[in-house]
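First the structure, in the form of structure tokens, and then the observations on it.
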Amino acid sequence: MTSASPDDSGVAVGGVLIDCPNRSCRAQFFKVTVHRATRDKQNPSYPDVDRTRQVGVGEFTFLPTCAQPLSAGVPKHVGEDYNEAYLIASLSPKASATLARRALQGMVRDFFSVTGKKTLHAELEAIQDRCDSDLYDAMTAVKSIGNIGAHPEQNVSLIVDVEPGEAETLLKLIHLLDREWYVARADKASRIAKMKELGVSKAIPKA
């Protein structure tokens, strides 16, 4: 793809999807290249690319990833944090964990209508008696991941390392909570509505 300029020079942008041949890996990488190019007047579809003249960084590679979507019941801002955290999990685990932690906090506040609490720790304590014990244990186990990123005012000189897989664990927890909270609530409401409709249709009219 070439963008032409008045002096008949332009920029050529190329892309290639690389599929790892190792069967135990099969990871995919998308490589993008950007170079100066001259448009061929006789064949404009094939520009003359100058590989020695990079534009910007010249080329970069990233992992194409796609988050498991959250349900429609999850607040929009939570979904946005979740999706962004998923996309950068391999590039910046610390930033991903911070966003995932904020998404977790947003879900707790929204689903249980928690207000007036300053920290995720306090918010979790407030819902302990209203939450499945196993889910509560899982949330308390990972709540510290990304904590300094979420509250940098506590100690700006302290850097909390995020171990490999921790950001992904947080994201999996968020997806699980969506299934257990929002999807389950929507399914329950749907079943009750259908029962009510059935009851109305079978009701015997009063004489």
Can you find a pair of side-chain heavy atoms, one from F111 and one from C131, that are under 4.5 Å apart?
no
Going by heavy atoms in the side chains, are S96 and E84 under 4.5 Å from each other?
no
If I take atom NZ from residue K117 and atom CZ from residue R109, how far apart are they, to the nearest 0.5 angstrom?
12.0 Å
Can you tell me if N83 uses its side chain to pair, donor with acceptor, with the backbone of G79 under 3.5 Å?
yes
Checking R179 side chain against A184 main chain: does a donor-acceptor pair fall under 3.5 Å?
no
Quick one: are L104 and M139 in side-chain contact, heavy atoms under 4.5 Å?
yes
Show your reasoning for whether side-chain contact (heavy atoms from CB on, under 4.5 Å) applies to V183 and K188.
CA-CA 9 Å; V183 174; K188 179 181 178 181; over 6 Å; no
Looking at every heavy atom in both A100 and A85, which two are closest together, and how far apart are they?
N-CB, 3.8 Å
Flag side-chain contact, heavy atom, 4.5 Å: L124 against L120
yes
Side chains of I174 and D178, heavy atoms from C-beta outward: is any pair under 4.5 Å?
no
Note, D187 side chain near R191 side chain (heavy atom, < 4.5 Å)
yes
Got a second to check how far H121's NE2 is from T140's OG1, nearest 0.5 Å?
9.5 Å
Would you compute the distance between atom OH of Y82 and atom CG of L99 and round it to the nearest 0.5 angstrom?
13.0 Å
As an exercise, state the distance from CZ of R102 to CE of M107, rounded to the nearest 0.5 Å.
15.0 Å
Angle class for the F112/W181 ring planes (parallel below 30°, perpendicular above 60°, tilted otherwise)?
perpendicular
Which atom of A89 lies closest to which atom of E168, heavy atoms considered:
CB-OE2, 3.9 Å
Dump the intermediate steps for side-chain contact (heavy atoms from CB on, under 4.5 Å) on D110 and V78, then the final yes or no.
CA-CA 10 Å; D110 174 74; V78 171; 5.9 Å; no
Atom pair CG (L70) and OH (Y182), whose distance is rounded to the nearest 0.5 Å
9.5 Å
With side chain to side chain donor-acceptor pair (under 3.5 Å) as the test, would you mind laying out the steps for Y86 and D81 before giving the verdict?
CA-CA 9 Å; Y86 199 105; D81 284 345; over 6 Å; no
Rounded to the nearest 0.5 Å, the CG atom of L176 sits from the CG atom of L135 at a distance of 5.5 Å
Is the side chain of S92 donor-acceptor paired with the backbone N or O of I88 at a distance under 3.5 Å, no angle test?
no
